[in-house]
Amino acid sequence: MKATGVVRRIDDLGRIVIPKELRRTLKIRDGEYLEIYVEDENVILKRYSSFSDIKNVCDRIVSSINLDDKIIVIIDTEKVVSSNSSVLIDKKLSDYCKNLLDKRETIIQNNNEVTELLDLEVFKQNYILFPMISNSDVLGGVIIFSKNSEINEMDRKIGDIVNNFLIKNVE
């Protein structure tokens, strides 16, 4: 465990404040959920992912969908949770991808432009991104992308079905 040198008092309601500098460094956004763990006498705060409970479901979904040369990726708000390309699992989302999620709308790109959806994964690719929204919170999303062919109506329908199924299972 790494010491930060920050000391905070617990207020009358049992709250503590995580300093802005620390939140900025760790990229913890306002309204984000943190999970609380206890280990020996240590209290540990960890980013909460709604997908931790349904990771096996996500894995089964992506392994059962065959989209030819296309890759399907299920993401939370920070990283890849599941994919039919094992090298992408746990890759962090790029800031560009996080900004797309924040727009809260399905976004399709079919002009084969250079895009960085995942950190350090810059490709010419077509993609469609479905943000997963539940109770007005962005939980993650589903991305289908391809380096070789355009995203078509069938890809859109499959992505929409997967996204809606996951929303129902995460709630």
Side-chain angles (χ1 to χ4, degrees), residues 23-35 45-171:
R23 292 193 320 262
R24 186 179 300 134
T25 301
L26 296 174
K27 297 182 179 170
I28 298 172
R29 298 186 281 191
D30 291 345
E32 189 168 354
Y33 290 94
L34 298 176
E35 198 165 3
L45 299 176
K46 183 179 175 189
R47 265 193 186 89
Y48 175 71
S49 173
S50 308
F51 293 93
S52 54
D53 297 335
I54 63 162
K55 176 144 177 37
N56 290 336
V57 173
C58 294
D59 291 344
R60 285 195 303 256
I61 289 171
V62 297
S63 67
S64 64
I65 296 174
N66 183 358
L67 296 172
D68 298 326
D69 68 334
K70 296 180 179 109
I71 295 173
I72 185 166
V73 174
I74 298 172
I75 58 175
D76 61 16
T77 56
E78 295 297 320
K79 66 181 181 348
V80 174
V81 174
S82 189
S83 174
N84 59 350
S85 173
S86 60
V87 297
L88 298 179
I89 306 289
D90 291 329
K91 290 267 187 184
K92 293 197 179 296
L93 302 185
S94 68
D95 290 337
Y96 175 74
C97 187
K98 290 177 185 179
N99 290 335
L100 292 179
L101 282 175
D102 287 341
K103 289 183 180 181
R104 299 168 175 258
E105 58 189 45
T106 299
I107 297 175
I108 187 166
Q109 176 185 303
N110 257 336
N111 48 8
N112 216 20
E113 288 183 4
V114 174
T115 309
E116 182 185 8
L117 293 174
L118 308 175
D119 262 356
L120 308 175
E121 297 284 333
V122 181
F123 299 111
K124 277 189 170 182
Q125 59 193 359
N126 299 312
Y127 67 86
I128 187 166
L129 180 142
F130 302 86
M132 215 174 290
I133 301 169
S134 176
N135 298 324
S136 75
D137 292 328
V138 176
L139 306 175
V142 175
I143 306 171
I144 298 173
F145 59 94
S146 172
K147 295 179 191 174
N148 302 319
S149 58
E150 286 194 351
I151 301 299
N152 57 40
E153 188 59 27
M154 181 61 77
D155 301 327
R156 200 175 95 57
K157 286 179 181 176
I158 290 171
D160 196 36
I161 290 167
V162 170
N163 192 45
N164 287 327
F165 176 80
L166 290 172
I167 288 170
K168 297 283 187 226
N169 280 276
V170 169
E171 290 178 332

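These values consider heavy atoms only, across backbone and side chains, with no hydrogens, waters or symmetry-generated copies.
Residue Lys98 qualifies as enclosed at atom NZ: its count of foreign heavy atoms under 6.0 Å is above 12.
We find the CG-NZ distance between Leu118 and Lys92 to be 12.0 Å, quoted to the nearest 0.5 Å. Separation of atoms NZ (Lys124) and CG (Asn148) is listed at 12.5 Å; rounding is to 0.5 Å. Going from atom CG of Asp102 over to atom CZ of Arg104 covers 7.5 Å, rounded to the nearest 0.5 Å. To the nearest 0.5 Å, the span separating OG on Ser134 from CG on Asn169 amounts to 11.0 Å. Between the CD1 atom in Ile144 and the NZ atom in Lys70 there is a gap of 8.0 Å [rounded to 0.5 Å]. From Ile107, atom CD1 reaches atom CD1 of Ile128 across 10.0 Å, with rounding to the nearest 0.5 Å.
Residues Asn84 and Ile72 share a closest heavy-atom pair of OD1-N, 3.0 Å. The minimum heavy-atom distance linking Ser83 with Leu88 is given by the pair OG-CD1, 4.0 Å. Across every non-hydrogen atom of Asn163 and Gly141, the tightest pair is OD1-CA, 4.5 Å. Taking all atoms of both residues into account, the shortest heavy-atom contact from Ile143 to Phe145 is CG2-CD2, 3.7 Å. Listed here is the closest heavy atom pair of Ile74 and Val142: CG1-CG2, 4.5 Å. Heavy-atom minimum distance, Ser82 versus Val62: OG-CG2, 3.2 Å.
When atom types are taken as modelled, the side chain of Gln109 and the backbone of Gln125 share a donor-acceptor pair closer than 3.5 angstrom. Under the 3.5 Å distance criterion, the side-chain polar atoms of Asp155 are matched with a main-chain donor or acceptor of Asn152. No donor-acceptor pair under 3.5 Å is formed between the side chain of Asn126 and the backbone N or O of Ile151. Side chain of Asn164 to backbone of Asp160: a donor-acceptor contact under 3.5 angstrom is found. For Asp76 (side chain) and Glu78 (main-chain N/O), a donor-acceptor pair under 3.5 Å exists by modelled atom type.
Residues passing the salt bridge (charged side-chain N to carboxylate O under 4.0 Å, His left out) test with Glu116: none are found, sequence neighbours excluded.
Taking 4.0 Å as the cut-off between side-chain N and carboxylate O, Asp59 and Lys55 count as a salt-bridged pair.
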Discussion item. I'd like to know whether Val114 forms a side chain to side chain contact (heavy atoms under 4.5 Å, CB included) with Val122, so could you lay out the CA-CA distance, the side-chain angles of the two residues, the decisive distance to 0.1 Å, and finally the verdict.
Written reply: CA-CA 7 Å; Val114 174; Val122 181; 3.2 Å; yes
Discussion item. Under the criterion side chain to side chain contact (heavy atoms under 4.5 Å, CB included), I'd like the reasoning laid out for Leu166 against Phe130: C-alpha separation, chi angles, the key distance, then a yes or no.
Written reply: CA-CA 11 Å; Leu166 290 172; Phe130 302 86; over 6 Å; no
Worksheet item: Do Leu117 and Val73 pass the side chain to side chain contact (heavy atoms under 4.5 Å, CB included) test, and can you show the C-alpha distance, the side-chain angles, and the key distance before you say yes or no?
Response: CA-CA 11 Å; Leu117 293 174; Val73 174; over 6 Å; no
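Taking 4.5 Å as the limit, every side-chain heavy atom of Ile71 sits out of range of all side-chain heavy atoms of Ser146.
A side chain to side chain donor-acceptor pair (under 3.5 Å) with Glu113 is found for one member of Asn111, Asn110, Thr115 and no other, namely Asn111.
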